[in-house]
Amino acid sequence: MAEKNAIAGRSIWTGTLTFGLVSIPVNLLSAVKPRNTAMHMFDDEGAPLGRRYYCSVDGRELDRSDLVRGYETDKSVFVTVEDEELEGLQPEKTSDIDLKRFVPRQSISSLYFDRPYFLFPAGKSVKAYRLLAKVLEDEDTAGIATFVMRGREYLVAILSGQGILWAETLRFADELRDPAEIDLPEMHSDAKQVKAMEKAIDALYEKKVPMDYLRDRYAERLTRLVNRKRKRGKEVARTEAVEEEKDSEQVDLMKMLKQRIMEEET
């Protein structure tokens, strides 16, 4: 029960995965954990710094009411846009993940993948959830869907692995550069050169990426540096800012999701 509540507490969106006559209530959970390498800025007396807006011409400090948004159409030419106008452009609020099409998973280039989110069943939707996850994984198929979160419409790929569904937000086509822009010169290779290249690749080939390669070595070095300095008690600043409470233990989200599914099936 504690693990189930821990999952629910991390949910950032709740809605229904729909297509045809199928409706599966789901919760959305970020599959990415916050990095621990962020730095905070403060003055030499430990006071945290705040962001202020200043006029670049006369140096005046500006209030939020003085700020005007503008969309640049030409160099140094802006069309101003009011907050009310932006609100009118927001998509209609909905709690559905609207599955529009199913496509071969390999047909989606990884260049389009942006950010992953776990989907886990809400209520008593486990049977339909597990069935969809199994079929997508067995058929190597992805769903293409849209949903609205925090006033923005997202295009997502619905994928499955290890019995778990997840949504991968997709970049839009106009966000990617055309490979033709690289304009590589033509090159002709003979069979001997091709064979030599294949041999060099085979010598380093593995069936999957070694997990050791996926370690953030910079974050590890930074953590060791900070821990050494903290133990010596040197260069440790204390501010009056209230720190957010953090979980006292690391949580294996995949394990929690699987545990919840098993509990709701029994």
Side-chain angles (χ1 to χ4, degrees), residues 17 19 28-39 72-75 97-119 130 132-147 152-226 250 252-255 257-258:
L17 186 63
F19 62 98
L28 194 74
L29 171 74
S30 177
V32 179
K33 295 189 294 186
R35 299 179 65 86
N36 60 355
T37 56
M39 298 288 182
E72 188 171 19
T73 57
D74 296 291
K75 186 174 178 59
I97 298 179
D98 184 13
L99 263 166
K100 298 180 179 299
R101 289 288 186 275
F102 291 96
V103 299
R105 182 169 175 170
Q106 297 303 318
S107 68
I108 308 175
S109 170
S110 59
L111 291 174
Y112 287 100
F113 290 165
D114 186 23
R115 187 178 179 87
Y117 295 88
F118 285 130
L119 290 170
R130 291 298 295 266
L132 177 60
K134 175 176 173 53
V135 172
L136 289 183
E137 189 167 1
D138 289 349
E139 299 294 329
D140 200 24
T141 296
I144 302 298
T146 57
F147 82 107
R152 177 182 173 186
E153 185 174 58
Y154 291 88
L155 180 68
V156 295
I158 305 298
L159 307 169
S160 177
Q162 303 180 53
I164 303 295
L165 291 175
W166 77 88
E168 185 88 35
T169 57
L170 300 175
R171 297 182 177 93
F172 293 103
D174 61 357
E175 294 183 84
L176 297 179
R177 295 185 183 279
D178 186 344
E181 295 178 17
I182 299 177
D183 194 25
L184 288 175
E186 291 188 10
M187 184 183 70
H188 300 283
S189 303
D190 58 33
K192 185 177 181 180
Q193 291 173 317
V194 172
K195 193 68 177 178
M197 181 63 72
E198 291 175 346
K199 185 176 180 180
I201 292 174
D202 288 342
L204 298 174
Y205 184 81
E206 295 192 35
K207 292 184 178 180
K208 60 182 181 180
V209 178
M211 291 302 295
D212 188 59
Y213 290 179
L214 301 179
R215 291 166 47 198
D216 187 341
R217 301 182 189 280
Y218 169 77
E220 291 176 357
R221 292 193 295 269
L222 176 60
T223 301
R224 288 196 294 268
L225 170 65
V226 170
Q250 293 293 329
D252 186 332
L253 296 180
M254 288 294 287
K255 179 181 178 182
L257 292 174
K258 291 179 180 179

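Using a 4.5 Å heavy-atom cutoff, the side chains of Ile158 and Phe102 are not in contact. Between Thr141 and Val135, the closest side-chain pair of non-hydrogen atoms is not below 4.5 Å. The shortest side-chain heavy-atom distance between Gln193 and Asp190 falls under the 4.5 Å cut-off.
No donor-acceptor pair under 3.5 Å is formed between the side chain of Arg177 and the backbone N or O of Ile182. Arg101 places no side-chain N or O within 3.5 Å of a backbone atom of Gly143 that could act as its donor or acceptor partner.
Taking OH of Tyr117 as the reference point, atom CD1 of Ile97 lies at 11.5 Å (rounded to 0.5 Å). In this structure, CD in Glu137 is found 8.0 Å from CZ in Arg105, a value given to the nearest 0.5 Å. Note that the CZ atom of Phe118 and the CG atom of Leu165 stand 11.0 Å from one another [nearest 0.5 Å]. Here CD of Glu186 is found 10.5 Å from CG of Leu184. Values are rounded to the nearest 0.5 Å. Summarising the geometry, atom OG1 belonging to Thr146 is positioned 4.0 Å from atom NZ belonging to Lys100; distances are rounded to the nearest 0.5 Å. From Tyr205, atom OH reaches atom NZ of Lys207 across 8.0 Å, with rounding to the nearest 0.5 Å.
Smallest separation of non-hydrogen atoms from Phe113 and Ala157: CE2-CB, 4.5 Å. Here the closest heavy-atom approach between residue Val194 and residue Ser189 is recorded as CG2-CB, 4.1 Å. In terms of heavy-atom proximity, Glu168 sits nearest to Asp114 at OE2-N, 3.8 Å. Of all heavy-atom pairs spanning Ala133 and Gly163, the tightest one is CB-O, 3.8 Å. Of all non-hydrogen atoms in Trp166 and Pro116, the two that sit nearest each other are CD1-CB, 4.4 Å.
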Requested in this report: Check the pair Leu119, Leu28 against side chain to side chain contact (heavy atoms under 4.5 Å, CB included), reporting the backbone distance first and the verdict last.
Outcome: CA-CA 5 Å; Leu119 290 170; Leu28 194 74; 3.3 Å; yes
Report task. Mind running side chain to side chain contact (heavy atoms under 4.5 Å, CB included) on Leu17 and Phe147 for me, showing each step along the way? Result -> CA-CA 9 Å; Leu17 186 63; Phe147 82 107; over 6 Å; no
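A salt bridge links Asp212 to Arg217: at least one charged side-chain nitrogen sits closer than 4.0 Å to a carboxylate oxygen.
Partners of Lys134 according to the salt bridge (charged side-chain N to carboxylate O under 4.0 Å, His left out) rule, which considers only residues two or more places apart in sequence or in another chain, are Asp138. Here Glu220 pairs with Arg215 under the salt bridge (charged side-chain N to carboxylate O under 4.0 Å, His left out) rule; sequence neighbours left out.
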